[in-house]
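Scroll down for the structure; my scribbles are underneath it.
Each chain gets a letter, A, B and so on, in the order its sequence line appears, and its residues count up from 1.
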Amino acid sequence: MDQFVQLILAGLATGAIYALAAIGFTLVWQTSQTINFAQGEFVMLPAILVLAAVKFLHAPLPVAVLMAVGGFLLLFGFGFKQYIVNPMARHGILPLAIATMALSILMKESAKDGFSAEAQQFPSLVPEGAIQLFGATLSLRDIAIFVVAVVAIVGLQLFVTRTKTGRMMQATAQNPTVARILGISTEKMILLTFLINAGLAILASFLISPVYLAKFSNGEVIGTAAFIAAIVGGFNQVRGALAGGFIVGLVDNLAAAYVSSAYRAAVPLVLLVLVILFKPEGLLGSKEERTV
Amino acid sequence: MNAHVNLPASGPVLKVDGLKKHFGGIKAVDGVSFEVFEGEILGIIGPNGCGKSTLFNCILGQLQPTEGAVTLDGEAITGLFPAELNRRGVSRTFQLLQVFPNLTVRENLILAGQEHQGSMLSRLLGPKDAGLTAEAEKMIGFFNLGHLADSKAGGLSYGQQKLLDAAMAFMAGPRLVLLDEPAGGVNLTMLASLKERLEAINKEQGATFVVIEHNMDFVMSLCSRVVVMAEGKVLAIGTPAEIRANPAVIEAYLGH
Ligand SMILES: Nc1ncnc2c1ncn2[C@@H]1O[C@H](COP(=O)(O)OP(=O)(O)OP(=O)(O)O)[C@@H](O)[C@H]1O
Ligand SMILES: [Mg+2]
């Protein structure tokens, strides 16, 4: 029983990371019809950038973090939209998606060749350790990951639904033509979603790297999981991505313990196939609608 | 009565002069001229595909006209962006539904009435409803949408969305509203109330309307003057009575 509780918490912690990545993925899809196949690499890179700044520039850690955050927002928030999405979007959804695949390979190989092929320690704000609760041993880091991610997601949700800018973002996703007529600067709103996506990726990166170490190939698992989470949840809904992230995280961890760790990676895919077969619009999704 | 007859000195609110819009070989709008006077309700009728919606798109700057000029209060507005015209008090409704489907009726209305300029910071810190909740409530009551105020707009029936669309066009307190088939898909009871609402806003706020509509009874009873279009050109302009008696109009509708 206590093992089960531990697995649930670990599942919620990984699920929270997947949810962060899946929500960013969904936001960017909604406002700009970009399917970002580099989403996993977006989560991999910020931690590597921090370590690279420490190693090559001998920057103290806090400075390295600031440099990584600033650089990543500029390159993969603003730059990604301006220099990859905008020029490619003219050619359609598919060429754009393929461009993001190319970007994912470029990011992965650059991290490998430019920094390190080995997994590296990444400093954690939360000390290692555990607390006892209901007879179960709960990792402090898992709890911290879960709490930080949930606070970020709730904050984002409040921003999107309760502020004027959030409503303008929703309007841009739901009906860009009318949004523009009303005077909403849709370009700025789209840029904002790209910056939010980059911000969520940074957060996910800083949360997961202390646990799984920072490695160039981290994006593969996270990217696939986020993609599956987004589809399972309904692809075009933030709350769908959130639910999808947690479901994939839980299934992932429970399957590793109770089924077989060898098949661990396959189980979310099985889930994906089931959803596509029985509820192709996603668990929470609705057909042909775009929502923030 | 003919509102324009009483207001000849003030000049037209809107003047469309020799407007043309060609899509390749298709002459969708082909030299249209007319004037709209302060406080009047001008109807535009004509067969499907005669260029009515295209004309609206050109007036509102969603399409750049091939030729011709549009003036608002004597000032050239040809080619200005829709958002700029919106700021000058011109708004529109759409022939095809154009609401924000996943926002509630109230949120749709508030969004339509907001000033969207200003800095990111002022928007973030300012009140989310921009003080428009009261105005939205008024419109909700006015268009009988009270029971639907907190429903998602996408879940409303076609006719209800049409009413919401009209209500949204009035949120910013416009001087001139272009309505593209506001009665399309609206049932008879609602139609009567829509007409009544439009007349009330026209009187109370002194707003000027241009209305595209296929429903003849609706147009003829609502409008002070009617423009008849056919194949991108103006076939006739006159009072409802004059239009009904015009042989060319009867030909255009009954012939072809
Ligand atoms: N963007 C466009 N590109 C090419 N042709 C267009 C475009 N928009 C409209 N047209 C053509 O212009 C003509 C006029 O269309 P428009 O929509 O203005 O007609 P309408 O009078 O509003 O018709 P309806 O009563 O059916 O709404 C049609 O032949 C239409 O196919
Ligand atoms: Mg039309």
Side-chain angles (χ1 to χ4, degrees), chain A residues 26-27 29-31 73 77-78 155-196 199 234-241 281-282 284-292, chain B residues 56-57 60-63 80-94 96-104 106-132 152-155 161 164-165 168-169 171-172 174 178:
Chain A
T26 309
L27 279 178
W29 157 255
Q30 285 171 348
T31 53
L73 286 175
F78 176 77
L156 178 65
Q157 198 59 24
L158 287 176
F159 168 72
V160 166
T161 54
R162 300 289 169 82
T163 68
K164 193 173 165 188
T165 307
R167 293 247 183 91
M168 287 159 67
M169 243 171 77
Q170 293 197 67
T172 302
Q174 290 170 34
N175 199 331
T177 314
V178 178
R180 228 167 284 129
I181 291 176
L182 290 178
I184 294 173
S185 138
T186 49
E187 270 303 297
K188 272 194 206 149
M189 291 300 125
I190 294 172
L191 176 59
L192 185 59
T193 59
F194 276 79
L195 291 173
I196 291 174
F235 210 60
N236 44 16
Q237 299 222 34
V238 165
R239 67 197 155 88
E281 68 274 19
L284 294 179
S286 43
K287 280 170 197 157
E288 309 252 346
E289 268 183 60
R290 285 193 281 140
T291 343
V292 169
Chain B
F56 269 19
N57 289 338
L60 209 79
Q62 278 166 277
L63 289 174
L80 284 187
F81 286 116
E84 173 58 30
L85 290 172
N86 218 38
R87 220 168 299 143
R88 295 188 188 199
V90 185
S91 70
R92 76 168 295 180
T93 71
F94 294 86
L96 300 172
L97 291 176
Q98 296 282 13
V99 297
F100 299 112
N102 290 299
L103 294 178
T104 66
R106 186 180 284 112
E107 287 169 344
N108 264 279
L109 288 167
I110 289 173
L111 207 56
Q114 271 171 2
E115 173 72 54
H116 293 284
Q117 303 309 305
S119 73
M120 194 70 114
L121 199 66
S122 72
R123 252 185 273 125
L124 262 180
L125 302 179
K128 66 173 176 180
D129 67 350
L132 284 167
K152 294 238 158 117
Q161 289 192 40
L164 172 60
D165 198 4
M168 283 168 73
M171 271 301 288
L178 312 179

*Which answer fits B/Phe94, side chain, backbone, both or neither, if we ask what part of it has an atom under 4.5 Å from a heavy atom of chain A?*
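Just its side chain gets close to chain A.
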*Select one option (side chain, backbone, both, neither) describing which atoms of B/Gln62 are under 4.5 Å from chain A's heavy atoms.*
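For B/Gln62, the contact with chain A is made by the side chain alone.
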*Mind checking whether B/Val99 and A/Asn175 have side chains closer than 4.5 Å, heavy atoms only?*
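Not touching, per the 4.5 Å side-chain cut-off.
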*Evaluate the side-chain proximity of B/Ile110 to A/Lys164: yes if any heavy-atom separation is below 4.5 Å, no if none is.*
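A/Lys164 does not reach B/Ile110 side chain to side chain.
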With rounding to the nearest 0.5 angstrom, report the [atom1] to [atom2] distance, [X] to [Y].
X: A/Thr161; Y: B/Asn102; atom1: OG1; atom2: CG; value: 13.0 Å
X: A/Leu182; Y: B/Met171; atom1: CG; atom2: CE; value: 11.0 Å
X: A/Ile181; Y: B/Leu60; atom1: CD1; atom2: CG; value: 6.0 Å

*Quick one: list whatever passes ring pair (Phe, Tyr, Trp, His ring centres under 6.0 Å) with B/Phe100, sequence neighbours left out.*
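Testing B/Phe100 for ring pair (Phe, Tyr, Trp, His ring centres under 6.0 Å), a comparison that skips the adjacent residues, returns none.
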*Which pair of heavy atoms, one from B/Ala83 and one from A/Gly183, lies closest together, and at what distance?*
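Heavy atoms only, the tightest pair is CB-CA, 3.4 Å.
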_B/Leu103 to A/Gln174 - nearest heavy-atom pair and separation_ =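 That closest heavy-atom pairing would be N-OE1, 3.5 Å.
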*Sort and list the pairs that fulfil salt bridge (charged side-chain N to carboxylate O under 4.0 Å, His left out) and have at least one residue in residues 168-181 of chain A, not counting sequence neighbours.*
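Output for this query is empty, none listed.
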